[in-house]
Every structure is written in C-alpha cells, then in structure tokens.
Visitor: 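I have a structure here, written as structure tokens, and I will follow up with some questions on it.
Residue numbers begin at 1 in each chain, while the letters A, B, ... track the order of the sequences. Just so you know, these numbers come straight off a predicted model, no measurement behind them.
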Number of protein chains: 2
Amino acid sequence: MTDQDKARERPRLVALTMDLIERRGAAVDRSVVATEAGLSRARIEAIFPEEGDLIDAIIEQWYAPDIVIMEEVLESDLPIQRRFYEFYARRFERDLARFQSDPATYALYVELGEAHFEQVRGYIDLADHYLTVLISEAQGEGYFAGLSIDRALTLINQMVACYVSPQMMLILSDKLALNKLAAIIDTLFAGLSGEDGGALGVNTLRIAT
Amino acid sequence: MTDQDKARERPRLVALTMDLIERRGAAVDRSVVATEAGLSRARIEAIFPEEGDLIDAIIEQWYAPDIVIMEEVLESDLPIQRRFYEFYARRFERDLARFQSDPATYALYVELGEAHFEQVRGYIDLADHYLTVLISEAQGEGYFAGLSIDRALTLINQMVACYVSPQMMLILSDKLALNKLAAIIDTLFAGLSGEDGGALGVNTLRIAT
C-alpha cells in the first residue's frame, strides 16, 4: 500500500467510522471498521497503526471546520468587535446544529473527547493562539487596557465558555442564543480592563442592621 | 414512630448515606442504608417512603449551605458590586474545597444531580430568584441600564457560569480563581448594558485584501 493509497483511504475510513458511531450510538474500534469496510486487519493497521490513531483522525475531523472558521475570521477585515463575535458565533452555530441534529451522538463525541483529552488539548491551544492574536489587535485599539494578554485570554475564555464548551452545550443549549453572545462580546469590549472596579473589596461581610 | 422521631432520624440517615457514597464511590439505595444503620426496611420506609425521597434529602443537604450563603449576602450592607462578588465567591470557595477534597465523589454527586435534575432545578430557580433581587438593586443604582431583569439574569448567569456550574468545576477547576471571578464581576458592572456595542453587526465576513 503506497502512502498515496493510505492518504486516499484515510478520510473515507474516518467518515465510515463516524457514520458507524452515529448509527450504533457507541464508539467503535478498528476491527469493527475493518469488517464494515471489507478490509483486512493488516490493511487497516497500515492506515491506523494504533487504536489511538483512529481516534486522533476522528478528533481532527471534528475540529477541522472550526480551524477554517477561525482562520477566515482572523483574515477578515471586519471591525475588531465583529471579528470577536464571528470567532465564536460561527463555531457555536455549527456546533448547535450538530447537537440539535442528534443530541445522543453529540454526547457520545463529548465523552470521546473527554476520554482522549490530550488530543483535544491541541485544538484548545490552537483556539487560544488565535484568540491571542485577536486580543492583541483589540489592545492595539485601546480595548482590554491594563491586562496582560494571558490575563485577558483566561478572563475572556471564562466569560464566553458557555458558547465554546461542548459540556455546556449538553446542559444549556436551550438558553444559548447568538444575540446573547453578542451582548457578552459587547460587555467585554465595554467593560473588561485591568482596572479594579471594587468587586474584590477588603471589607468583610456583615449583616445590615 | 412519631413525626418527631422521624425528624430526628432523617438528618442522621442522610449523613450516613453521604458517608456511604463517599466511602464506596457509588450511589447507594435505601436497603443499603437500612442495613448499615441497623434499621428494618419498614423503619427506613417510614422516613423515606420512596427511593426518590432519600435522593431529595441528599440534594437538599448538598445545597443547604448555599442557601445560607445567598441569604447572608442579600441581607448584608456591602456595596452592590461586593455583594455580587460574595454571592458567587462564597459558594465557589465552598464548592472548590468540596471538589478538591475528593474529586471522584464530587463527580458522583454531579452525576446524581444530572440524573435527578428536577430536584436540582428548584435550587437553580431559587438562586435565580436571589440574583434577581441583586440585579434589581444594581439597576436602582444605575447599573445594567436598558436591560430587563430577565435579560440581565440570563446574561450574567452565562458570563459567571464557570463559577457556578459543577460540570465546569470538573473540567476547569485549575483555571478558576477568586481574583478572576472579581475581574468578571467588575467587567459586568463596567460594561453590561442594553446598549448595542456593535458585536452583532450587519456587515458580513469577507477576507481582507
């Protein structure tokens, strides 16, 4: 089997695997995929030497469109607020559609991701990298003043978590909406800075008399 | 068995049940609790007529300190930003300690809550009610202008979700910190309003040339 053959077979087998997962409602391993694809054990092992390679390929396939979205948004010439919004909105819309079309399968992929978090971590880091670029541009325009990029990153990640976390999608999908996401982005641009607004005061709690 | 006897036995049996769950790392039912407590089946059924009554009692026990915290914060005479912060910070600190002392047992309670979400829902609604009171006071001081209380409630809930959601605790505990929570509350007070900041623009995305 040439490398070219492998490269051609790989996406077909990933698509077949994801189709099997959706139809069975359960994760499948290489031997099941080989049987369904009419391939020998040796053949599938030439393409996916380890069980983990098949899982990597599924996770890669799951996130590939998100990477395209993020790159498109970064390269666009929209105002910075709009780019922040689109950075989240487009991925959220796609994820919501995926969830709504089959919540049980979606939950299965969330479980798969949790069980192989090391592979998922790479995509989270990549999204963080892209967000860092956006934050840096926003700071160039005077937003998020007085915050290091890392600090702005962690705060923004937490405030927008509901629109990114697949676990939150499972719990909250009916409460999530694009106009709320927009209001959150607007709030960040209007209010996020390194200034102390007084929430973390030194006065301790006592009962009003 | 008098009602007074039942009222006295109930908390002891709930504490025993929670202790059993922690030691075994698995949910337990009434028959296990009866055996461990040296009670007859009839006796435990007099106190918890249905299996669900035992679960209700556990969930009640889990949330009871949160209700005390929220009521104390509401009745305190701190500035409104500080009250918002304490409203979340005190419950988060308690929850973090509970998570850190035994992550596996914590995950077990999260599962229990997910499986009996109807009972949990009542506590979420109660927290929403308390938050509504705080929002209304903040609006009286000019914050969150131009938003209905319900709208402010859903936006705040989403922006602070990482510090309230037990599911996020399981995923993100190492990224959560009181000084970040304070920065998020400050951001809300500085930036959350009904004003359109331009995130949800009408211009569509195109690639910069």
Visitor: If you tally heavy-atom pairs under 4.5 Å against chain B, which of A/Ile185, A/Leu178, A/Thr154, A/Leu170 wins?
Guide: A/Thr154
Visitor: Among A/Glu195, A/Met168, A/Lys180, which has the most heavy-atom pairs under 4.5 Å with chain B?
Guide: A/Lys180
Visitor: Would you mind reporting whether B/Gln158 and A/Leu181 have side-chain heavy atoms less than 4.5 Å apart?
Guide: no
Visitor: Does any heavy atom of chain A fall under 4.5 Å from the side chain of B/Asn157, the backbone, both, or neither of them?
Guide: neither
Visitor: Is B/Lys6 atom NZ crowded by more than 12 heavy atoms from other residues, nucleotides or ligands, each under 6.0 Å away?
Guide: yes
Visitor: For the pair B/Asp186 (side chain) and A/Ala199 (backbone), establish whether a donor and an acceptor sit closer than 3.5 Å, ignoring hydrogens and angles.
Guide: yes
Visitor: For B/Ile171, is it the side chain, the backbone, both, or neither that has a heavy atom closer than 4.5 Å to a heavy atom of chain A?
Guide: side chain
Visitor: Could you state the interatomic distance from CD1 (B/Ile156) to CE (A/Met159), rounded to the nearest 0.5 Å?
Guide: 12.5 Å
Visitor: What heavy-atom pair brings B/Cys162 and A/Ala161 nearest, and what distance separates the two atoms?
Guide: SG-CB, 3.5 Å
Visitor: State the CG-CG distance between A/Asn179 and B/Leu155, to the nearest 0.5 angstrom.
Guide: 8.5 Å
Visitor: Is A/Phe117 close to chain B through its backbone or its side chain, or both, or neither, when contacts mean heavy atoms under 4.5 Å?
Guide: neither
Visitor: Side chain from CB out, backbone as N, CA, C, O: work out which of these in A/Arg151 comes under 4.5 Å of a heavy atom of chain B, or both, or neither.
Guide: side chain
Visitor: For A/Leu188 and B/Thr187, which heavy atoms make the closest approach, and how far apart are they?
Guide: CA-CG2, 4.3 Å
Visitor: Taking all atoms of both residues into account, what is the closest heavy-atom pair of B/Leu200 and A/Ala182, and its distance?
Guide: CB-CB, 3.5 Å
